[in-house]
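For reference, the structure discussed in these notes is given below.
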Amino acid sequence: SAGTIGSDPLDARNPIRNRALVFNGTTDFSRTLDAWTILPESSLTRFCVEAWVRPANPVNNRNQVVVEKAGPYQNPFTPSTNIIRANFRLGITNGLPYVMYNGRGALTAYQATARIAHRLQSNVWAHIAGSYDGENLTIYVNGEASAVTHTTELPANGYFYTVNDV
(Lines give C-alpha, C1' and ligand atoms only; values in the text may rest on other atoms or scores of the structure.)
Protein backbone atom coordinates (compact mmCIF):
# COMPACT_ATOMS: atom_id res chain seq x y z
CA SER A 1 0.00 0.00 0.00
CA ALA A 2 1.08 3.60 -0.56
CA GLY A 3 3.20 5.05 2.22
CA THR A 4 4.16 1.71 3.72
CA ILE A 5 7.71 1.70 5.03
CA GLY A 6 9.80 -1.08 3.52
CA SER A 7 13.23 -2.55 3.83
CA ASP A 8 14.24 -3.60 0.30
CA PRO A 9 16.56 -0.99 -1.26
CA LEU A 10 16.45 -2.86 -4.59
CA ASP A 11 12.68 -2.24 -4.91
CA ALA A 12 12.07 1.26 -6.34
CA ARG A 13 8.94 1.68 -4.18
CA ASN A 14 10.20 -0.02 -1.02
CA PRO A 15 11.63 2.04 0.64
CA ILE A 16 10.30 4.90 -1.44
CA ARG A 17 13.27 7.31 -1.06
CA ASN A 18 16.30 5.01 -0.89
CA ARG A 19 18.04 3.41 -3.84
CA ALA A 20 20.80 0.88 -4.38
CA LEU A 21 23.26 0.12 -7.15
CA VAL A 22 23.63 -3.54 -8.05
CA PHE A 23 26.94 -4.68 -9.55
CA ASN A 24 27.91 -8.04 -11.01
CA GLY A 25 31.00 -8.31 -8.77
CA THR A 26 33.52 -8.54 -11.58
CA THR A 27 33.35 -5.82 -14.24
CA ASP A 28 30.60 -3.36 -13.25
CA PHE A 29 31.50 0.08 -11.89
CA SER A 30 30.08 3.55 -11.44
CA ARG A 31 31.77 6.92 -11.89
CA THR A 32 30.50 10.33 -10.86
CA LEU A 33 31.12 13.64 -12.56
CA ASP A 34 33.06 14.66 -9.43
CA ALA A 35 35.69 12.10 -10.40
CA TRP A 36 36.96 14.65 -12.92
CA THR A 37 36.97 17.64 -10.56
CA ILE A 38 40.31 19.14 -9.54
CA LEU A 39 40.27 19.70 -5.79
CA PRO A 40 42.39 22.11 -3.72
CA GLU A 41 45.44 20.80 -1.88
CA SER A 42 43.67 20.73 1.50
CA SER A 43 40.83 18.52 0.23
CA LEU A 44 40.47 14.89 1.16
CA THR A 45 43.03 14.86 3.95
CA ARG A 46 40.40 13.41 6.29
CA PHE A 47 37.46 11.31 5.22
CA CYS A 48 34.47 9.20 6.17
CA VAL A 49 32.96 6.82 3.65
CA GLU A 50 30.15 4.34 4.14
CA ALA A 51 27.99 1.87 2.26
CA TRP A 52 25.30 -0.70 2.74
CA VAL A 53 26.42 -3.98 1.18
CA ARG A 54 24.87 -7.39 0.59
CA PRO A 55 27.63 -9.48 -0.97
CA ALA A 56 26.57 -12.67 -2.73
CA ASN A 57 29.96 -14.27 -2.12
CA PRO A 58 31.93 -12.24 0.44
CA VAL A 59 34.64 -14.84 1.04
CA ASN A 60 35.90 -15.18 -2.51
CA ASN A 61 39.62 -14.63 -2.90
CA ARG A 62 39.24 -11.38 -4.85
CA ASN A 63 39.53 -7.88 -3.49
CA GLN A 64 36.00 -6.45 -3.79
CA VAL A 65 36.17 -2.65 -3.97
CA VAL A 66 32.92 -1.07 -2.77
CA VAL A 67 33.82 2.60 -3.19
CA GLU A 68 37.09 4.31 -4.03
CA LYS A 69 38.50 7.75 -4.80
CA ALA A 70 41.67 7.23 -6.79
CA GLY A 71 43.59 8.89 -9.55
CA PRO A 72 46.92 9.36 -11.27
CA TYR A 73 49.30 11.08 -8.90
CA GLN A 74 52.90 12.15 -9.33
CA ASN A 75 55.38 9.35 -8.58
CA PRO A 76 57.58 10.62 -5.70
CA PHE A 77 60.57 8.60 -6.98
CA THR A 78 60.17 9.51 -10.65
CA PRO A 79 58.39 12.91 -10.70
CA SER A 80 58.01 12.87 -14.49
CA THR A 81 55.68 9.84 -14.26
CA ASN A 82 52.29 9.19 -12.67
CA ILE A 83 51.08 6.28 -10.58
CA ILE A 84 47.56 5.33 -9.52
CA ARG A 85 46.98 6.06 -5.82
CA ALA A 86 43.88 5.68 -3.65
CA ASN A 87 42.80 8.69 -1.63
CA PHE A 88 40.43 6.25 0.06
CA ARG A 89 39.01 2.78 -0.58
CA LEU A 90 36.29 0.83 1.20
CA GLY A 91 36.19 -2.83 0.30
CA ILE A 92 35.84 -6.47 1.27
CA THR A 93 38.54 -9.10 1.15
CA ASN A 94 37.91 -12.71 2.19
CA GLY A 95 34.65 -11.58 3.79
CA LEU A 96 36.31 -8.91 5.94
CA PRO A 97 35.49 -5.23 5.34
CA TYR A 98 38.45 -2.88 5.17
CA VAL A 99 39.28 0.79 4.68
CA MET A 100 42.59 1.91 3.21
CA TYR A 101 44.43 4.79 1.65
CA ASN A 102 47.77 5.47 0.00
CA GLY A 103 49.94 7.96 1.85
CA ARG A 104 51.74 10.93 0.36
CA GLY A 105 55.45 10.81 -0.32
CA ALA A 106 56.77 7.27 0.01
CA LEU A 107 54.82 4.49 -1.71
CA THR A 108 52.95 3.47 1.44
CA ALA A 109 49.47 2.14 2.05
CA TYR A 110 47.55 2.17 5.32
CA GLN A 111 44.73 -0.26 5.98
CA ALA A 112 42.37 -1.21 8.79
CA THR A 113 40.74 -4.62 8.31
CA ALA A 114 37.76 -5.79 10.36
CA ARG A 115 38.17 -8.52 12.96
CA ILE A 116 37.11 -12.10 12.15
CA ALA A 117 34.03 -11.59 14.36
CA HIS A 118 32.80 -9.05 11.79
CA ARG A 119 33.14 -11.33 8.73
CA LEU A 120 30.25 -10.64 6.34
CA GLN A 121 27.68 -13.31 5.56
CA SER A 122 26.38 -14.17 2.09
CA ASN A 123 23.22 -12.29 1.06
CA VAL A 124 22.91 -10.47 4.40
CA TRP A 125 22.80 -6.66 4.46
CA ALA A 126 25.59 -4.99 6.46
CA HIS A 127 26.59 -1.37 6.98
CA ILE A 128 30.33 -0.78 6.58
CA ALA A 129 32.09 2.53 7.12
CA GLY A 130 35.64 3.76 7.22
CA SER A 131 37.04 7.00 8.57
CA TYR A 132 40.35 8.79 8.88
CA ASP A 133 40.54 11.72 11.33
CA GLY A 134 44.18 12.67 10.78
CA GLU A 135 45.47 10.14 13.33
CA ASN A 136 43.34 7.00 13.21
CA LEU A 137 42.07 4.93 10.30
CA THR A 138 39.01 3.03 11.55
CA ILE A 139 36.74 0.39 10.00
CA TYR A 140 33.19 0.06 11.34
CA VAL A 141 30.83 -2.86 10.77
CA ASN A 142 27.16 -2.37 11.62
CA GLY A 143 28.02 0.65 13.75
CA GLU A 144 30.76 -1.02 15.79
CA ALA A 145 34.42 -0.03 15.49
CA SER A 146 36.15 -3.23 14.43
CA ALA A 147 39.79 -2.22 13.87
CA VAL A 148 41.96 0.91 14.10
CA THR A 149 45.30 1.68 12.47
CA HIS A 150 47.22 4.65 13.86
CA THR A 151 49.00 6.88 11.34
CA THR A 152 49.52 10.59 10.83
CA GLU A 153 50.59 10.42 7.17
CA LEU A 154 48.03 12.27 5.08
CA PRO A 155 46.19 10.49 2.25
CA ALA A 156 47.35 11.00 -1.32
CA ASN A 157 45.25 13.67 -3.00
CA GLY A 158 47.20 14.58 -6.11
CA TYR A 159 49.69 16.95 -4.53
CA PHE A 160 53.31 15.86 -4.21
CA TYR A 161 54.99 16.10 -0.82
CA THR A 162 58.61 15.39 -0.03
CA VAL A 163 59.53 13.34 3.02
CA ASN A 164 60.18 16.57 4.97
CA ASP A 165 56.64 17.85 4.25
CA VAL A 166 54.77 14.81 5.53
Residue pair Tyr132, Tyr101: steps toward the ring-ring contact (aromatic ring centres under 6.0 Å, His included) verdict: CA-CA 9 Å; Tyr132 178 65; Tyr101 71 87; 4.9 Å; yes
Of Leu90, Val99, Asp133, the residue whose pairing with Phe47 passes side chain to side chain contact (heavy atoms under 4.5 Å, CB included): Val99
Smallest separation among heavy atoms of Asn63 and Arg89, with atom names: ND2-NH1, 4.1 Å
Tyr140 side chain to Ser131 backbone, donor-acceptor under 3.5 Å: no
Ionic contact status for Glu135 with Arg46, cut-off 4.0 Å: no
Single-linkage hydrophobic cluster Ile92~Tyr110, side-chain heavy atoms < 4.5 angstrom: yes
Val148 and Leu137: CA distance, side-chain angles, deciding distance, side chain to side chain contact (heavy atoms under 4.5 Å, CB included) verdict: CA-CA 6 Å; Val148 178; Leu137 181 65; over 6 Å; no
Side chain to side chain contact (heavy atoms under 4.5 Å, CB included) assessment of Glu153 paired with Asn102: CA-CA 9 Å; Glu153 184 171 349; Asn102 290 117; over 6 Å; no
Distance-minimising heavy-atom pair for Leu120 and Pro58: O-CG, 3.5 Å
Note, Arg119 side chain near Asn94 side chain (heavy atom, < 4.5 Å): yes
For Glu50, all residues meeting side chain to side chain contact (heavy atoms under 4.5 Å, CB included), sequence neighbours excluded: His127, Ala129
Taking every non-hydrogen atom, the tightest pair across Ala147 and Ala112: O-CB, 4.0 Å
Side chain to side chain contact (heavy atoms under 4.5 Å, CB included) evaluation trace for Ile139 with Thr113: CA-CA 7 Å; Ile139 182 73; Thr113 303; 5.9 Å; no
Minimum heavy-atom distance between Gln64 and Asn57, given as atom pair plus value: NE2-O, 3.4 Å
ILVMFWY cluster, Val141 and Met100 together (side-chain gap under 4.5 Å): no
Step-by-step side chain to side chain contact (heavy atoms under 4.5 Å, CB included) determination, Ile128 to Tyr98: CA-CA 9 Å; Ile128 59 175; Tyr98 70 89; over 6 Å; no
Heavy-atom pair of closest approach, residues Arg54 and Val124: CG-N, 3.6 Å
